[in-house]
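In listed order, ligands and their atoms are each counted from 1.
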Amino acid sequence: MQRYHLTIAGGGATYTPGIVNSILNASDVLPLRKLVLLDTDAERVATMGGFIRLLLKEKAPTVELLVTTDRRQAFTGMDFLFAQIRSGGLPMRALDEQIPLRHGVVGQETCGPGGFAFALRSIPDMLAIGEDVRRYAPNAWILNYSNPAAILADAWHKRFPELKSLFICDMPIVIELLVAATLGQRHGELAFEYVGLNHFGWWRHIWDPQGQDLLPQLRAHLLSDKPLTLFEDEHVNADWIPTFERLRKSMGLFPEFLSNTYLQYYLFGEEMVGHEDPHYTRANRVMDTREKEVFAECRRCIAAGSVADSFLSAGVHGDFIVDHARAILTNRPFRTTVNVPNRGLVAGLPEDAIVEVHGQVTAHGVEAFGVGPLPHFQRALMVQQNAYEQLTVEAALEGSYAKALQALTLNRTVPSADVAKALLDDLLEANRDYWPPLR
Ligand code: NAD
Ligand code: G6P
Ligand code: MN
């Protein structure tokens, strides 16, 4: 049986143990010959590597492990690349979130000016990765989780149209699982229709196996006092509950469709700013909880010489990326949400816009499903957001201050060109060591 060489870029990420556990659980279709943890932070990935080495020893002893900061070593002979890099790390995420809040603007990892700053750090890093994939493993499949996903997909698809890649996000599947649990249904039996951009979309229908649309039932549920049925997942910890609860507010205001949770940052900006402490944001909580816990657990297991009793296990996030690899390897269609160049899928948007829609993945890649004409409200929001995304890519690639300012001015979270300029100058200062120079 063929065995595969799989590399994880961002191998030192907090999500690595979950993803590797999911890969090992899928060893019937994705048996590994070699696993590579690639990272820019040698110390961080060495600790993670110590944990993964024990995990492999106990669960898959024939798999070779390589922990490296060298892309040539990591990519030569590679079949799959799972990318989950965070350019600048969590400390820079904290600044992405805090600087906008000081200007009274939403401070978020992927939305608004924070997502913009993250994009300008990440685009050069992702393109450098792509250049080396093209050089050392041009036939590899690249499955990407790195954020901000739509902007990275745009830069990537324009530069590397020939590479086999899928840009995915776990938010739609997490929301769909929540919907299914809340309606007392099995997710696999429901057919969802979703359209939008990454972290910026809507479900318009939820069909049951008899062809009945369950959206009205979901609407009635969300508008009542009945609880949402949550399930065991990283995403359903206390920090995320208000976000899921706010789906009720979105539904009340815009009852024709179920909104992606991330739209809260674009539609309820003042409320989101009001809830935040500009000195302690989600990045700080992640550093004080998930990051500390994951790395403490890695060190504990390394000291104990075993992962046998570890709480670091597979979950929705790891299983979801592995399901895409499984579909590619087995040619069994997997219905999913993907971020792909529009090319006629959504009328009224540019052909090269990266849209997030349902599609099915097989050995031949993704076949995305088009949707009919959109109402003015969604189309206009998407056109504006897409223009912001494309201008962000152009600003990074051309080193253009003018385009960066246009991008931020167009972002719905930013109230004026004056605020956009003040923000751009502060973000530029904070990102001097990371951004391409802007002139
Ligand atoms: P993390 O900071 O724990 O890990 C990221 C790792 O990437 C770090 O070890 C860092 O050193 C490394 N890195 C940074 N730049 C790199 C580069 N150029 N090459 C290789 N490695 C590099 O972050 P995390 O919270 O585990 O998240 C990882 C990434 O996955 C982030 O981009 C996050 O936004 C994304 N993410 C996406 C989804 C999704 O559904 N789309 C879900 C969760 C996380
Ligand atoms: C969801 C989104 C990701 C995002 C993550 C943030 O999974 O789809 O794009 O990176 O949430 O989670 P965190 O726990 O790091 O705030
Ligand atoms: Mn996402």
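A donor-acceptor contact closer than 3.5 angstrom links the side chains of Thr413 and Asn411. In the model, Thr336 has no side-chain atom that pairs as donor or acceptor with a side-chain atom of His358 under 3.5 Å. In this structure, a donor-acceptor pair under 3.5 Å is absent between the side chains of Asn147 and His199. Inspection of the His317 and Asp170 side chains reveals an N or O donor paired with an N or O acceptor under 3.5 Å. Checked by atom type, the side-chain pair Thr243/Gln264 shows a donor-acceptor distance below 3.5 Å. Looking at Thr110 and Gln108, their side chains do bring a donor and an acceptor atom within 3.5 Å of each other.
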| field | Full working for side chain to side chain donor-acceptor pair (under 3.5 Å) between Gln98 and Asn284 | value | CA-CA 10 Å; Gln98 293 174 6; Asn284 300 102; 2.9 Å; yes
| Derivation and outcome, salt bridge (charged side-chain N to carboxylate O under 4.0 Å, His left out), residues Lys403 and Glu398 | CA-CA 9 Å; Lys403 286 194 171 171; Glu398 298 166 21; 3.1 Å; yes
| request: Could you walk me through whether Arg326 and Asp323 pass salt bridge (charged side-chain N to carboxylate O under 4.0 Å, His left out), step by step? | output: CA-CA 5 Å; Arg326 182 197 307 276; Asp323 281 342; 3.7 Å; yes
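Listed by atom number, the atoms of ligand 2 under 4.0 Å from Cys169 heavy atoms are 8 (O). Within ligand 2, counting atoms from 1 as listed, the ones closer than 4.0 Å to a heavy atom of Arg290 are 13 (P), 14 (O), 15 (O).
Heavy atoms of Thr110 come nearer than 4.0 angstrom to ligand 2 in no pair at all. Taking a 4.0 Å cut-off on heavy atoms, Trp240 registers as neighbouring ligand 2. Ligand 2 has His199 within reach: a non-hydrogen atom of the residue lies less than 4.0 Å from it. In this structure, His317 does not count as a contact residue of ligand 2, since none of its heavy atoms falls inside 4.0 Å of the ligand.
The only member of Asn198, Asn339, Asn342, Asn386 that meets side-chain contact (heavy atoms from CB on, under 4.5 Å) when paired with Val355 is Asn342. When the options Phe377, Trp203, Trp202 are evaluated for a ring pair (Phe, Tyr, Trp, His ring centres under 6.0 Å) with Phe254, the one that passes is Phe377.
Under 4.0 Å from ligand 2, the heavy atoms of Arg93 that appear belong solely to its side chain. With a 4.0 Å heavy-atom cut-off, ligand 2 is reached by the backbone of Met171 and by its side chain too. With a 4.0 Å cut-off on non-hydrogen atoms, Phe320 does not touch ligand 2 at all. Contact annotation: for Tyr262 versus ligand 2, heavy atoms closer than 4.0 Å belong to the side chain alone.
Residue Glu189 places its CD atom among more than 12 non-hydrogen atoms of other residues, nucleotides or ligands, all under 6.0 Å distant.
Ranking protein heavy atoms by distance to atom 8 (O) of ligand 2, first place goes to Asp170 OD1, 3.0 Å. Nearest protein heavy-atom contact of atom 14 (O) of ligand 2 is Arg282 NH2, 2.5 Å. In this structure, the protein non-hydrogen atom closest to atom 9 (O) of ligand 2 is Asn147 ND2, 2.7 Å.
Taking the Mn ion (ligand 3) as reference, the nearest N/O/S atom within His199 carries the name NE2.
Glu64 and Arg3 are not joined by a salt bridge, as no carboxylate oxygen comes within less than 4.0 angstrom of a charged side-chain nitrogen.
Within 4.0 Å of ligand 1, heavy atoms belong to protein residues Gly10, Gly12, Ala13, Thr14, Tyr15, Asp39, Thr40, Asp41, Arg44, Gln84, Ile85, Arg86, Ser87, Leu90, Glu109, Phe118, Asp125, Tyr145, Ser146, Asn147, Ile168, Cys169, Asp170, Arg290, His317.
Distances between N or O atoms of Glu109 and those of ligand 2 include at least one value under 3.5 Å.
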